[in-house]
Amino acid sequence: MGFFRGMLNLDRRIIFILIAGAVVVPLFIPFHLKMHPTPASQGLYNAVEKLPEGSTVIISGEYDPGTAPEIQPMMIGALKHCFRKGIKVILMGLWPQGPALEGQALQEVFKEKEFKEMNLQYGKDYVNLGYKAGGAVVIQSMGTSIPATFPTDMAGTPIEKLPLMKGIRNFNDITFVLDFSAGDPGTPAWVMFAHDRFHVPMAAGCTAVSAPMLYPYLQTKQLSGLLGGLKGAADYEWLTKSSGTGIRYMPSQSIAHLVIVIFIIIGNIAFFVVRKGEKR
Amino acid sequence: MSTDIGVWIAAFLTLGILSFLYKDNPFYKVSESIFIGVSAAYWFVYMIYNVIEPNLLGNLQKGEWWYAVAGILGVMMLFRLIPKIGWLSRWAVAFMIGTGAGLNFIVYLQSNVMKQIRGTLAPLNSIGNIMMIVGVITGLIYFFFSAEHKGLLGGAAKVGIWFIMVSFGASFGYTVMARISLLIGRMHFLFSDWLGLLH
Amino acid sequence: MDTRFWTKEKCKWRRKVLPLTAFIILLALWGTIRAQSPVDTLPPSPPTEVTAFDTPNDAGKNITINWKLSTDDGAGRNIVKGYDILRSESQEGKFEVVGSVVAGISTFQDDKVKNRRNYFYKVRAKDHTSSDSPTVGPVQASGQWYHKGKTVVLIFVVIFTALVIYFVESAKKGKKLYVRPIPGMDAVDEAVGRATEMGRPILYILGLSTISDVATIASLTILGRVAKKVAEFQSKLLVPCYNPIVMTVAQEVVKNAYLDAGRPDSYDESNIWFLSSSQFAYAAGVNGIMLREKTATNFYLGMFYAESLILAETGNIAGSIQIAGTDAVTQLPFFITSCDYTLIGEEFYAASAYLSREPKLLGSIKAQDWGKAGLIALIILGGFFASFHFDTFINLFTVGH
């Protein structure tokens, strides 16, 4: 009884220390976890895997440094997957910091020997169109004309000077859309306009917070696949057989979850035991 | 250990914010104030160079004068700072709400109602499908306000709230996962980028 | 018989024949190799069954071209690299490439055409060499006023709008529209009463959205009701605001409520003030108020984001009674775990309609109920039809693009 009462009145700072320990220790003592990709992650992987060589994919980033730990590994995974398959990539973002983070993701990818040796060229194999304000309205406008929506790329180069953008008029010339978003405007806008209105097939990756809201789009096949949070990112890395922070952070994530689950169970037992004791 | 001054500042601010977990203290207050001040300035500059300049001034320079209409509506938004002519800002707000509603009404109906109903119309041949249909129907009944929740309707609403609670539980779990991921990202920053203990 | 192969005479003859034979064999071999090698020089088989037609249900200036893939695309010799789409304004005229697609794609939309003008098309399968399909045409582009694929959407819009207008009008005419009592709302009076007994103030948070947000408007309606109770009980109401415009409206609402309760003298404008427009600064400020003022009851009604848990958790630690209501789905779980009563999604709107009896709100709640009843009926019917594979009914909900 005393123990349970103590648990209910536990100083939350003890919980904070335990969680911090659960997060930090596995970073120093890494161990490998076998991943079991969810069908939603598998769906995204399969969709990209099926794209023919030479097709053009839009990768849009709606996230900021605050949510980058979850989204950035997905972005890096997607870039690697596309480059390996010889897919041309158009980067853009509906959040101001998205395209800058996409640039960082590119740098990360090119640090690896495999991709350095591919000798991919900006303007020919990939471009970064940058940020545009307006959310859903931007996507709507891209449906009419991409060059009119993005007259220049992020660096200010006129779009006509980029070989990759030759022949890209609107969504008719885009094979697939990958959207990585941490909130609004984000995936729902892409689903409603790019997929439902201009019928480009698409898949998405999102922070774990927004995953439950996006699941209904999977079931109706408005999304071919969905990466939810760090687990989704780790799944994708596992499926594409590449290493990254998704898989690297998974042990910390799992141990922290375990600690939380144990606290929830103890807390609930304590709650019922104490309540029963009080009734007597 | 890092020799980059930027990394040191970031580490100091991270620790300052995390110190709130122990209790409110001056380090936390300093970090928070810097955060608020910097983000306000950052957004202000960003909006000028990435929104107003390319989307308004750039188009006006090209001679596309009809963008001036949008510019005037934008200026009208600022009129609310002057109480006497504050009412003019309502025109701009009305324009935004009107176009927004027009654009979204059909799209929402199509994507979030029609397509979702279509997705729910599944044959009753598996437990998953039956659960889904029962969940959707009882969930809708819970949000039915024209009749009191008694008898059959009350029972259905009770089942509905159970489904809703389970989905909230899932949502809660996902949020915990998201928060832990962010904490891992920060810890990795502290031990790797700042202290150089991890590789 | 001379069996020796190389007799002098024979040798002479054979010396002439052998090189010739070798030459012929080599020639034959070369011929065979040549005959097999045209894999690279023979063009792929052309695309077939090319059709070009005005893109349906659009604003015009757009022609769709479909074709059947070349037999050497993904099958056969599998050499097709992609397709070019060629266009001309006359059958025999000069054809120009208007677009290209990668292998495996069998459709293209040409949006560089003018309305009501004749066009002819060909599709070219490309490898090192190429082969063209027969010419198709003439075809004209034109715009349509009505999108046939969206008839179902139109029907839904018409029915729903009619229901809203009907119920709002009936409510205006004074027809009694029943809305069931909402559990959290009954707790409002109790919570205000408790604060009075304890002699501590009540905290009311209007959420973090603007005045144009429905959630904020609903919250202001409930604020009016709470303020009236507070005025009657003579307790103290604190309303720190996130948005300056919401603040001015909130001041009006509370002032009117005090007037209604017959206590305009007790109204203090400084209790409804602007705190901060920065999300976490606002959260930190409200936390300070809760801990310093020891509020007995906290209301969180409106639109909330990530600060929801920070606010509700602090209130919970401080031991206040907490009532929350929002349609921010991602934040609801946090309110449910840390508040005593939570109005979930639409309940929050229904509560404001229930309290205000405002015809527009009541009418739309009623119309939505009818809409929901209709959806339930459709889903049940659809489930049965889907089980018996009667797809015509289900396809009614497939909206055309």
Side-chain angles (χ1 to χ4, degrees), chain B residues 17 20 24 28-29 32-33 35-37 39-40 80-81 83 86 89 93-94 96-97 100 105-106 109-111 113-125 129-130 133 136-138 140-150 161 164-165 167-175 179, chain C residues 150 152-153 156-157 160 177-182 210-212 244-245 276-278 280-281 284 287-288 291 309 329-330 332-334 336-337 344-347 349-350 353-354 365-366 368-370 372-373 375-376 378-389 393-399:
Chain B
I17 296 285
F20 184 72
D24 199 359
Y28 170 73
K29 286 199 176 120
E32 200 200 352
S33 308
F35 173 51
I36 293 167
S39 48
R80 59 170 69 156
L81 297 173
S89 71
V93 174
M96 271 180 65
I97 294 179
F105 186 32
I106 301 296
L109 192 69
Q110 208 169 307
S111 298
V113 181
M114 306 293 289
K115 291 229 173 186
Q116 292 301 327
I117 299 181
R118 174 73 189 77
T120 316
L121 301 182
L124 302 161
N125 56 6
N129 284 353
I130 294 172
I133 293 178
V136 170
I137 292 176
T138 52
L140 279 172
I141 289 176
Y142 178 79
F143 289 110
F144 198 74
F145 300 102
S146 295
E148 212 159 335
H149 285 172
K150 275 191 208 152
I161 195 71
I164 294 169
M165 286 300 158
S167 77
F168 282 156
S171 175
F172 201 114
Y174 264 115
T175 307
R179 300 292 183 249
Chain C
K150 291 194 177 172
V152 193
V153 180
F156 266 72
V157 170
F160 188 68
L177 296 178
Y178 176 79
V179 171
R180 71 171 162 85
I182 312 224
T210 56
I211 191 73
S212 53
I245 301 184
S276 168
S277 266
S278 167
F280 290 104
N287 280 356
L291 297 176
L309 186 60
V329 184
T330 44
L332 274 168
F334 303 113
I336 291 172
T337 44
I344 303 167
E346 265 202 294
E347 275 187 323
Y349 296 125
Y354 175 73
I365 291 282
K366 273 281 160 189
Q368 284 182 45
D369 270 1
W370 277 89
K372 280 172 221 156
L375 289 187
I376 292 172
L378 283 176
I379 290 169
I380 293 174
L381 268 177
F384 278 109
F385 283 133
S387 306
F388 298 111
H389 300 288
F393 179 80
I394 293 160
N395 290 336
L396 283 179
F397 296 94
T398 313
V399 180

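Quick caveat, the model's predicted, so the values are computed rather than measured.
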Heavy atoms, side chains only, cut-off 4.5 Å: are C/Ile336 and B/Phe172 in contact?
no
To the nearest 0.5 Å, how far apart are CD in C/Gln368 and CG in B/Leu140?
11.0 Å
Would you sort out whether B/Phe144 and C/Arg180 count as a side-chain contact (heavy atoms from CB on, under 4.5 Å), showing the intermediate values?
CA-CA 9 Å; B/Phe144 198 74; C/Arg180 71 171 162 85; over 6 Å; no
Do the side chains of C/Thr330 and B/Thr175 get nearer than 4.5 Å, heavy atoms only?
no
Give the member of C/Ser387, C/Ala284, C/Gly382 that has the highest number of heavy-atom pairs under 4.5 Å with chain B.
C/Ser387
For C/Leu378 and B/Leu121, work out which heavy atoms get closest and say how close.
O-CD2, 3.8 Å
Proximal component of B/Ile130, with respect to chain C [non-hydrogen, under 4.5 Å]:
neither
The interface call for B/Ile117 against chain C, heavy-atom contacts under 4.5 Å, is side chain
Against chain B, label C/Ile245 side chain, backbone, both or neither, depending on which of its atoms sit under 4.5 Å from a heavy atom there.
side chain
Largest heavy-atom contact set with chain C, pairs under 4.5 Å, which of B/Phe168, B/Phe20, B/Phe145, B/Phe35:
B/Phe145
Around atom CZ of B/Phe105, are there more than 12 heavy atoms from other residues, nucleotides or ligands closer than 6.0 Å?
yes
Are the side chains of C/Glu347 and B/Tyr142 in touch, meaning some heavy atoms are under 4.5 Å apart?
yes
Could you tell me which portion of C/Ile344 (side chain, backbone, both or neither) has an atom closer than 4.5 angstrom to a non-hydrogen atom of chain B?
both
Would you mind checking which part of C/Ser276 comes under 4.5 Å of any heavy atom in chain B, side chain (CB onward), backbone (N, CA, C, O), both or neither?
neither
Bottom line for B/Leu109: the part with an atom under 4.5 Å from chain C's heavy atoms is side chain
Any chance you could measure C/Ile379, atom CD1, to B/Ile133, atom CD1, to the nearest 0.5 Å?
8.0 Å
Using non-hydrogen atoms and a 4.5 Å limit, figure out which bit of C/Ile365 sits close to chain B: side chain, backbone, both or neither.
side chain
